[in-house]
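A short worksheet on the structure shown next.
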There are 2 protein chains.
Amino acid sequence: MSPTKEDYLKILFELGGRTEQVPNKEIANRLSISPPTVTEMMNSLVKAGWVVYTPYKGSKLTQEGTDYAKKLIRKHRLWEVFLVKHLGFNINEVHPEAELLEHSTSAELADRLEAYLEFPEYCPHGGAISTDLMEEQEDMTVHLTEAVLGVPVRISRIVDEDRLLRYFENHDLKIGDRVTVTGRDSGLDLLTLNHGTTDKEIQISQTIAQYLFVEHI
Amino acid sequence: MSPTKEDYLKILFELGGRTEQVPNKEIANRLSISPPTVTEMMNSLVKAGWVVYTPYKGSKLTQEGTDYAKKLIRKHRLWEVFLVKHLGFNINEVHPEAELLEHSTSAELADRLEAYLEFPEYCPHGGAISTDLMEEQEDMTVHLTEAVLGVPVRISRIVDEDRLLRYFENHDLKIGDRVTVTGRDSGLDLLTLNHGTTDKEIQISQTIAQYLFVEHI
DNA sequence: GTTGATATTTAGGTTACCCTAATATATAAA
DNA sequence: TTTATATATTAGGGTAACCTAAATATCAAC
């Protein structure tokens with residue numbers, strides 16, 4: 001299994017490919033590659049049994065594909081805990097490091113690392129580490145864009161992509177914060193939030209808000 | 001820089017490519033690839049400025065190539081220390097793990113890891129970690145095959161290739177042991193040693209003894 | 001100095017992963 | 001229901017890193 005293929009499986013999981021068909025374009029966007037390359041890769045992943053692909057519709061992970069993706073994400077998050085807790089990295093620096101390390105981590109190494117870290121439940125971005133908890137969390141949390149107007153929620157997880165993390169940091173948003181969606185303007189692609197702690201108004205792009213997960217309180 | 005190219009630089013350093021021309025065949029053997037592939041890769045490494053190549057003779061590392069190789073080896077050895085000291089791995093299990101991790105380790109990560117490990121001097125196989133000490137050690141130590149008959153020496157370093165480590169373990173040899181070469185049979189490719197601690201006679205293949213480094217006491 | 005053994009290179013081919021340009025399909029709007 | 005737009009696929013090409021088979025260079029022995 002190449003790091004490249006592993007990346008496809010992981011992205012597929014992150015885009016909901018466990019339960020829904022993910023269109024090629026979304027994968028192409030997230031990985032910054034051309035759509036024909038995605039088509040080609042999907043055919044290869046189908047042949048290897050990781051993915052079910054319906055031409056012109058999109059791809060879903062098989063059970064094997066889902067399990068593989070979850071293991072990768074677990075490794076990624078374990079490294080993030082290590083980098084932050086023991087090596088003193090800043091939360092928004094660890095993603096690219098873990099992105100590399102995850103592909104070089106045997107099952108044995110992951111298990112030993114997990115024990116060494118004393119079985120942490122969450123990564124620094126709020127993502128569940130145990131592969132069982134992972135699916136549960138995926139199902140329970142909701143995109144910020146789907147939160148009901150006026151109902152306060154708690155930010156539980158931020159998709160850990162470098163540029164995104166800096167965007168959220170610049171808007172003073174972090175895990176655990178309570179926010180209330182007060183307005184939605186689809187034309188301008190804007191979401192207006194009230195920050196529970198500071199009571200300030202925050203405006204962020206809806207497209208980007210998709211990468212923020214919230215839980216009801 | 002691809003992991004593949006990094007492996008070539010590292011092997012070149014390990015085979016003495018810092019000071020001498022290394023023939024293609026040795027590289028092909030150590031990496032288990034065909035000689036034509038080595039020729040091809042050497043041309044590409046020359047173009048990138050890592051290597052000076054004389055056709056039909058062999059390759060030498062440039063200063064840049066040497067520095068790059070030393071940084072890789074440092075990362076490799078740092079991971080080995082971490083795996084043994086903190087994750088409880090066995091010495092002969094860590095090589096393949098570190099072999100993967102070294103290619104996924106930024107300079108920043110290596111520095112932080114080194115500080116976390118409290119600046120260890122040597123890896124579990126006896127290899128120096130600081131890039132300065134590394135060359136020094138390389139120059140001072142001598143292959144077991146070159147030790148003078150009857151003169152006791154101390155095993156200082158074992159090239160950490162998985163199969164070799166198991167071979168040395170099976171012959172009850174480890175770092176720090178005092179041994180004396182008592183006989184050499186080139187026809188049978190045999191080296192006879194006297195083990196300083198147990199006073200037992202040990203016979204190992206000369207070919208394999210090349211991967212054992214010793215220091216005079 | 002020719003010969004033979006060994007090492008190296010050249011020639012030609014494969015697979016993985018990426019691309020652009022052109023074509024085809026699906027979907028939403030008129 | 002046709003048409004426009006967005007999305008996906010096919011066709012054709014490129015580079016990196018491997019391979020085998022055949023040709024060539026080196027070097028030591030005669």
Side-chain angles (χ1 to χ4, degrees), chain A residues 1-12 15-17 20-60 65 68 72 99-100 102-104 186-187 189 206-207 210, chain B residues 1-12 15-17 20-60 65 68-69 72 99-100 102-104 186-187 189 207 210:
Chain A
M1 207 40 180
S2 69
T4 307
K5 284 208 169 67
E6 292 187 339
D7 280 335
Y8 278 87
L9 290 189
K10 229 184 47 167
I11 292 293
L12 221 34
L15 293 173
E20 280 150 58
Q21 279 184 337
V22 179
N24 281 1
K25 210 210 166 193
E26 283 190 42
I27 302 167
N29 283 344
R30 276 291 279 278
L31 291 175
S32 301
I33 52 178
S34 74
T37 306
V38 177
T39 306
E40 189 182 61
M41 182 58 84
M42 285 310 143
N43 286 318
S44 149
L45 291 174
V46 165
K47 214 185 295 176
W50 304 114
V51 154
V52 176
Y53 182 47
T54 316
Y56 294 101
K57 301 286 175 162
S59 326
K60 262 176 97 158
Y68 199 109
L72 275 170
E99 198 66 24
L100 292 176
E102 65 186 9
H103 302 296
S104 311
S186 293
D189 189 45
Q206 278 199 47
T207 313
Q210 286 184 90
Chain B
M1 204 48 174
S2 70
T4 306
K5 284 207 170 67
E6 292 188 338
D7 280 336
Y8 279 86
L9 290 189
K10 230 185 44 168
I11 292 292
L12 220 34
L15 293 173
E20 281 151 55
Q21 280 186 337
V22 180
N24 281 1
K25 210 209 166 193
E26 283 190 41
I27 303 167
N29 282 345
R30 275 289 281 277
L31 292 175
S32 301
I33 53 180
S34 74
T37 305
V38 178
T39 308
E40 188 181 61
M41 180 58 84
M42 285 310 144
N43 286 319
S44 148
L45 291 175
V46 165
K47 214 185 297 177
W50 304 115
V51 154
V52 176
Y53 182 48
T54 315
Y56 293 102
K57 302 286 175 162
S59 324
K60 260 176 96 159
Y68 199 109
L72 275 170
E99 198 65 24
L100 291 176
E102 64 185 10
H103 302 296
S104 311
S186 293
D189 190 45
T207 313
Q210 286 185 89

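Order of the sequence lines fixes the chain letters, A, B, ..., with proteins taken first and strands second; residue numbering starts at 1 for each chain.
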So which heavy atom on A:V51 is nearest to which on A:S59, and how close? CG1-CB, 3.8 Å
Ignoring hydrogens, what is the shortest heavy-atom contact between B:E20 and B:K60? Give both atom names and the distance. O-CG, 3.3 Å
So what does B:S44 hit on the nucleic acid, given a heavy-atom distance under 4.0 Å: a base, only sugar-phosphate, or nothing? nothing
Could you please name the option among [options] that lies closest to any side-chain atom of [X]?
X     : options                : result
A:T4  : D:dA21, C:dC18, C:dC19 : C:dC18
B:K57 : D:dA17, C:dT9, D:dC27  : D:dC27
B:Y53 : D:dT7, C:dC19, C:dT8   : C:dT8
A:P36 : C:dT10, D:dA8, C:dT20  : C:dT20
A:N24 : C:dC19, C:dT8, D:dT9   : D:dT9
B:P55 : D:dA8, C:dT9, C:dC18   : C:dT9

Length of the [atom1]-[atom2] vector between [X] and [N], whole Å:
X     : N      : atom1 : atom2 : answer
B:N29 : C:dA7  : CG    : C1'   : 11 Å
A:E40 : D:dG12 : CD    : P     : 15 Å
B:Y56 : C:dT10 : OH    : P     : 6 Å
A:L45 : C:dA16 : CG    : P     : 12 Å
B:N43 : D:dC18 : CG    : P     : 15 Å
B:I33 : C:dA7  : CD1   : P     : 16 Å
A:M42 : D:dA8  : CE    : C1'   : 13 Å
A:Q21 : D:dA8  : CD    : P     : 11 Å

With heavy-atom distances below 4.5 Å as the criterion, would you say the side chains of B:K5 and B:Y68 are in contact? no
State, with a plain yes or no, whether a side-chain heavy atom of B:E6 is found less than 4.5 Å away from one of B:E102. no
Report yes if a side-chain nitrogen or oxygen of [X] is closer than 4.0 Å to either non-bridging phosphate oxygen (OP1 or OP2) of [N]; otherwise report no.
X     : N      : result
B:S34 : D:dC18 : no
B:S2  : D:dA17 : yes
B:T39 : C:dT9  : yes
A:T37 : C:dC17 : no
A:Y8  : C:dA16 : no

Which residue in the set A:I27, A:V22, A:N29 passes side chain to side chain contact (heavy atoms under 4.5 Å, CB included) when paired with A:V38? A:I27
For A:M42, which of A:V52, A:T54, A:T37, A:N24 qualifies under side chain to side chain contact (heavy atoms under 4.5 Å, CB included)? A:N24
Result for 5'-nearest mapping on DNA chain C, choosing between B:P35 and A:K5, is B:P35
